[in-house]
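Here is the structure we will look at.
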Amino acid sequence: MRLSRYFMPTLREAPADAQIVSHQLMLRAGMIRQEAAGIYAWLPLGLKVLKKIEQIVREEMDRAGAIEVLLPTLQLADLWRESGRYDDYGDEMLRIKDRHDRDLLYGPTAEEVITEIFRAYVKSYKDLPKNLYNIQWKFRDERRPRFGVMRGREFLMKDAYSFDIDEAAARKSYNRMFLAYLNIYARLGLKAIPVKADPGPIGGDLSHEFIILADTGESEVFAHGDLVEMGAPGPDIDWDGDLEPLVTQRASLYAASDEMHDAARFEAEVPADKRMTARGIEVGHIFYFGEKYSKPMKALVTGPDGKDAPIHGGSYGVGVSRLVAGIIEASHDEAGIIWPDAVAPFGVAVVNLRPGTAEVDAVAEQAYKALEAAGKEPLLDDRDDRPGAKFASIDLVGIPWQLIVGPKGVADGVVEIKRRATGERQTLPLEAALKVIAG
RNA sequence: CGGGGCGUAGCGCAGCCUGGUAGCGCAUCUGCUUUGGGAGCAGAGGGUCGCAGGUUCAAAUCCUGCCGCCCCGACCA
């Protein structure tokens with residue numbers, strides 16, 4: 001992409017409305033524009049990052065055996081009356097009437113819809129387990145939306161729903177999601193901690209929130225240090241095998257957010273040198289809810305004994321749009337955003353310091369084409385602007401590499417490359433520089 | 001939803017108390033000079049002062065109502 005033809009409206013100053021760093025940087029980098037409280041338009045740069053995160057989530061869900069569907073944003077109120085949630089949900093649910101005066105709602109989640117689909121087709125225990133997921137916009141009419149896309153009213157969520165014959169089988173589905181989530185966050189360049197969450201009326205221990213570490217995060221986490229060091233299990237585990245040991249290894253270590261924290265237990269269970277206190281942001285939540293929806297909505301399958309029984313369900317959410325902000329909270333400096341390579345909107349910025357000078361243009365063009373051919377998604381900064389302004393805006397939008405082409409370097413047959421994350425610079429002939437960037 | 005605050009040019013702000021020509025910085029446009037970390041000079045454009053009423057000879061400014069947005073608290077991916 002040539003920056004002179006792109007749409008990347010950066011701001012030197014942060015709008016006064018933005019209080020937290022990710023919101024400020026997203027506005028300054030021209031990633032989003034607020035249209036109403038908690039409702040945002042995604043501008044080209046923001047959309048690129050959003051799509052990359054979405055794709056990573058998709059790949060890891062697929063790997064863990066989940067199957068993608070796309071559910072509607074508008075749902076029939078009647079379905080929610082079946083589950084009993086239509087009246088319970090309250091003002092957070094955006095209710096709409098169509099021209100036939102029929103009650104609709106903008107989905108805040110999709111247990112009802114997916115259960116309706118499941119029960120229409122699946123009748124036998126032999127077809128289980130199943131896990132269907134959906135990456136779709138949701139709407140929750142929050143009392144107080146805030147912090148940009150961190151807590152918007154409209155947000156992009158990946159929601160997965162598992163269907164199993166009994167609780168033991170459901171636990172296996174749960175374990176797959178537990179580990180898949182850790183892999184997702186690891187690929188996004190984040191450190192994530194699974195903490196036990198309030199399981200609600202169902203009870204049991206099958207509910208975890210995933211908190212990514214960021215100094216500016218909203219909630220406080222207390223955890224065993226090994227949990228972070230252990231990291232994600234990686235993609236190559238046997239997804240059909242027994243995942244219980246991998247999950248237990250992690251879930252048995254102490255981890256709690258401030259509201260669930262038990263200082264006495266923390267000190268009893270975690271040696272002093274392993275006690276970790278950090279700040280973080282909740283970006284995922286998984287839970288097992290048993291027959292909560294299958295029973296009232298009659299999602300039954302016939303078991304080996306010939307009897308019909310409600311399936312045991314679980315649901316698993318990742319806040320995709322929230323992750324955009326979360327990653328920025330976890331990865332930025334005074335100059336702006338520092339994107340992890342996996343989600344960067346562009347892989348490298350080719351900064352032409354003197355557009356209009358034939359020799360410089362030629363080298364910049366050559367670099368740009370080579371990087372494009374190599375699949376590095378280059379952004380060519382061919383704007384007629386001063387070097388300082390270019391560096392400042394490229395730093396701001398957080399592109400992982402800069403390949404700087406200026407008249408001095410071109411005269412000496414070299415270019416400069418800079419790594420955004422470390423500030424490390426190297427001056428090299430173009431071919432060598434391209435090799436470094438290609439990794 | 002309770003408490004607090006703010007709406008003046010694309011962004012950041014002053015002006016309001018004490019009514020009388022709507023201003024500053026950045027950004028934008030033109031010209032010249034500049035060009036390795038957000039340049040300099042000269043000139044220019046851009047505003048129903050959130051909206052609606054009211055008071056007044058006169059309202060950005062005072063009064064009333066409404067709308068929008070932000071922050072703190074209780075809840076959520």
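In what follows, chains carry the letters A, B, and so on, assigned in the order in which the sequence lines appear, proteins first and then strands, with residues in each chain numbered from 1.
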### Query
In terms of the nearest nucleotide of RNA chain B, which residue is placed more toward the 5' end: A/Gly148 or A/Pro15?
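It is A/Pro15, whose closest nucleotide lies nearer the 5' terminus.
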### Task
Would you kindly compare A/Ala16 and A/Asp385 by the position of their nearest RNA chain B nucleotide and give the one closer to the 5′ end?
A/Ala16
Roughly, in whole Å, what's the span from [atom1] in [X] to [atom2] in [N]?
X	N	atom1	atom2	answer
A/Arg383	B/A39	CZ	P	12 Å
A/Leu353	B/A39	CG	C1'	15 Å
A/Arg386	B/A39	CZ	C1'	4 Å
A/Lys418	B/G37	NZ	P	12 Å
A/Asp141	B/C1	CG	P	10 Å
A/Asp384	B/U33	CG	P	14 Å
A/Gln402	B/G38	CD	C1'	14 Å
A/Asp333	B/G37	CG	P	18 Å

### Task
Using a heavy-atom cut-off of under 4.0 Å over every strand shown, decide if A/Arg425 touches base, sugar-phosphate, or nothing.
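Base, at least one base atom sits under 4.0 Å.
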Please state the [atom1] separation for the pair [N] and [M] - nearest whole angstrom.
N	M	atom1	value
B/A9	B/G50	P	8 Å
B/C6	B/A14	P	10 Å
B/C76	B/C66	P	32 Å
B/G19	B/C62	P	9 Å
B/G46	B/A22	C1'	13 Å
B/U48	B/G37	C1'	42 Å
B/A58	B/A42	C1'	38 Å
B/C51	B/C1	C1'	25 Å

### Query
Hey, does the side-chain of A/Glu13 have a donor or acceptor N/O within less than 3.5 Å of a partner on the base of B/G25?
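Yes.
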Paired nucleotide for [N] [Watson-Crick or G-U wobble; both distances under 3.5 Å]:
N	answer
B/G37	none
B/G2	B/C72
B/A44	B/U28
B/C57	B/G20
B/U64	B/A52

### Query
Base, backbone or nothing for each nucleotide of nucleotides 72-77 of chain B, written B, S, -, heavy atoms under 4.0 angstrom, 5' to 3'?
BBBBBB
### Task
With the side chain counted from C-beta on, respond yes when A/Leu79 and A/Ser83 share a heavy-atom pair under 4.5 Å apart, and no when they do not.
no
### Query
Do A/Tyr368 and A/Leu403 come within less than 4.5 Å of each other through their side chains, counting heavy atoms only?
no
Count the heavy atoms belonging to other residues, nucleotides or ligands that lie under 6.0 Å from [atom1] of [X], then report whether that count exceeds 12.
X	atom1	answer
A/Arg33	CZ	no
A/Asp215	CG	no
A/Lys295	NZ	no

### Task
Anything under 30° is parallel, anything over 60° is perpendicular, the rest tilted; go ahead and classify A/Phe266 against A/Tyr254.
tilted
### Task
Mind listing the residues from residues 18-28 of chain A sitting with a heavy atom below 4.0 Å of RNA chain B? Number order is fine.
A/Gln19, A/Arg28
### Query
When you look at A/Trp137 and A/Phe155, which way does the ring-ring contact (aromatic ring centres under 6.0 Å, His included) test go after all the steps?
CA-CA 5 Å; A/Trp137 292 92; A/Phe155 58 97; 8.2 Å; no
### Message
With a 3.5 Å distance limit and no angle check, can you tell me whether A/Arg420 reaches the backbone of A/Gln402 through a side-chain donor-acceptor pair?
### Response
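Such a contact is absent between A/Arg420 side chain and A/Gln402 backbone.
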#### Entry: Step-by-step ring-ring contact (aromatic ring centres under 6.0 Å, His included) determination, A/Phe210 to A/Phe178
CA-CA 9 Å; A/Phe210 290 79; A/Phe178 184 102; 5.6 Å; yes
### Query
Just how far is it from atom CD of A/Glu431 to atom CG of A/Leu428, taken to the nearest 0.5 Å?
11.5 Å
### Message
Please confirm whether the shortest side-chain N or O distance from A/Gln34 to OP1 or OP2 of B/G68 is below 4.0 Å.
### Response
no
Anything under 3.5 Å between a donor and an acceptor, one on a side chain of residues 65-72 of chain A, the other on a protein residue two or more places apart or in another chain? List them.
unit_1	atom_1	unit_2	atom_2	d
A/Glu68	OE1	A/Arg58	NE	2.7
A/Glu68	OE2	A/Arg58	NE	3.3
A/Glu68	OE2	A/Arg58	NH2	3.1

### From B/U35, B/G37, B/C26, nucleotide with atom closest to A/Arg12 side chain
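So the nucleotide nearest the side chain must be B/C26.
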